[in-house]
Amino acid sequence: MMKALEGVKVLDFTHVQSGPTCTQILGWFGADVIKVERPGVGDATRKQLIDKPGADSLYFTMLNHNKRSIELNSKNETGKEVLTRLIKECDVLVENFAPGALDRMGFSWERVHEINPRIIMASIKGFGPGKYEDCKVYENVAQCAGGSASTTGFLDGPPLVTGAQIGDSGTGLHLCLGIVTALFHREKSGVGQRVSVAMQDSVLNLARVKMRDQQRLDAGPLKEYSQFGEGIPFGEATPRAGNDSGGGQPGRILKCKGWETDPNAYTYFIIQAAVWEKVCDLIGEPNWKTDDGFASPPERLDKLNQIFERIEAWTMTKTKFEVMDLCNPLDIPVGPILSMKEIAEDEGLYDTGTLVKVDHPERGEYISVGCPIKLSASPVDVTRSPLLGEHTLEILKDVLHYDDSEINNIVSSGAVGEVNKS
Ligand code: COA
């Protein structure tokens, strides 16, 4: 079956997490992703958070599937010539260097566009144009600057970052969408364009509902927040809301059987208005269906703590999976708090390709998260991440069409490091 992005060549100049997430998706969809790495060094993550000495880290392998690797020194004169040829050859250039790094190499957008007017050049930076545009940024900086941290955590605690990598992987997803949109545009217009995504902007986009609440504060307290029921006044900014639901249907994380010893024996429980009566019957409070102060959603808003305490008294008598089994048939939305261990052991996720087992020559078999986006006519085969420079010779020959003597000259210039000609 033909892959959706078959024939698209991607010059992958990304490193760490945000950019590699993006190019990995392009690779999963069938693009030929050529990862350019500094000779002898490579993407810094290859050697970060090492669990098996001598092998590429899981940090690297899990972000760089379906790619080829070429070692290339882009600051060496011959290396720049090879890079220029790659730019001519490729449809997309993706990079997430620190601000100005690509310009310092001599490959500004203007220069790249001049070399290949059809190319799409996609960049991730920490901040958009403005006072912070020159800053280097990592995940948690973006979570803080994008408004997520100030709205995460409990009211009486400090701001919190989340485990989901919304700054890095979230930005990679935004960039990926920008790239395929620009490719679609190029199909009709014939011209390339620049795609830029700032990590601060991506996090803010994902925290959009918190900006909604910021403006709703002008009209009075946010009644669906626990603090309203607790009589705690609101300040000027959207507060931290603990585990309160971010939407119009109140919800909380509640203890389940075994919570005393199992840190994940909890369930999320949503009292969607449409199933309120079923919730009342299930927890043994049938009178709440009609009682004054409980019958309608607005009446319940100042009693949410009391209501969830009562539901929790019920969930504590059940395991999180029993809660799910009892609530699902009644259309009551609940979700067990699943640990990474439980997820890694879920066979159903392997059946759908959401989890995959990948074999690697240095590390043996490991679990990775596969492609979460399923295309019916372009199924994804996850292939292992490349070793550093594994495809240098192949790319020089088959993609850039250098002959043997040219390759010898490139190698002796020090532009590409060692090449395996065996
Ligand atoms: N050949 C030669 N030099 C290379 C090279 C290659 N193949 N690849 C990279 N380099 C050079 C760069 O040109 C740069 O040199 P310079 O500073 O002399 O111009 C140098 O390596 C380091 O690049 P830089 O991007 O500054 O890496 P860093 O490790 O110092 O910073 C980040 C890392 C992530 C903080 C930074 O890249 C950044 O802010 N990126 C944008 C935001 C982002 O994506 N952050 C999230 C990452 S998950």
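For ligands, and for the atoms within them, numbers begin at 1 and follow the listed sequence.
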Enumerate the salt bridge (Lys or Arg N to Asp or Glu O under 4.0 Å) contacts for residues 102-111, please, sequence neighbours excluded, ordered by first and then second residue.
R111-E114
Using a threshold of 4.0 angstrom between heavy atoms of the protein and any atom of ligand 1, which residues qualify?
H15, V16, Q17, S18, E37, R38, L72, N73, S74, K75, N96, F97, A98, A101, R104, M105, I124, G126, K136, V137, Y138, D168, M199
Between D56 and K47, does at least one N-O distance fall below 4.0 Å, as a salt bridge requires?
yes
Just to verify, which of M211, E224, K223 counts as forming a side chain to side chain contact (heavy atoms under 4.5 Å, CB included) with R216?
E224
Return all side-chain donor-acceptor pairs below 3.5 angstrom for residues 119-130, not counting sequence neighbours, or 'none' if the list is empty.
residue, atom, partner, partner atom, Å
S123, OG, E95, OE2, 2.6
K125, NZ, E95, OE1, 3.0
K125, NZ, E95, OE2, 2.9
K125, NZ, F97, O, 2.8

NZ/K80: more than 12 non-hydrogen atoms of other groups inside 6.0 Å
yes
Pairs flagged by salt bridge (Lys or Arg N to Asp or Glu O under 4.0 Å) wherever residues 29-44 is involved - sequence neighbours left out
D32-R68, K35-D43, E37-R46
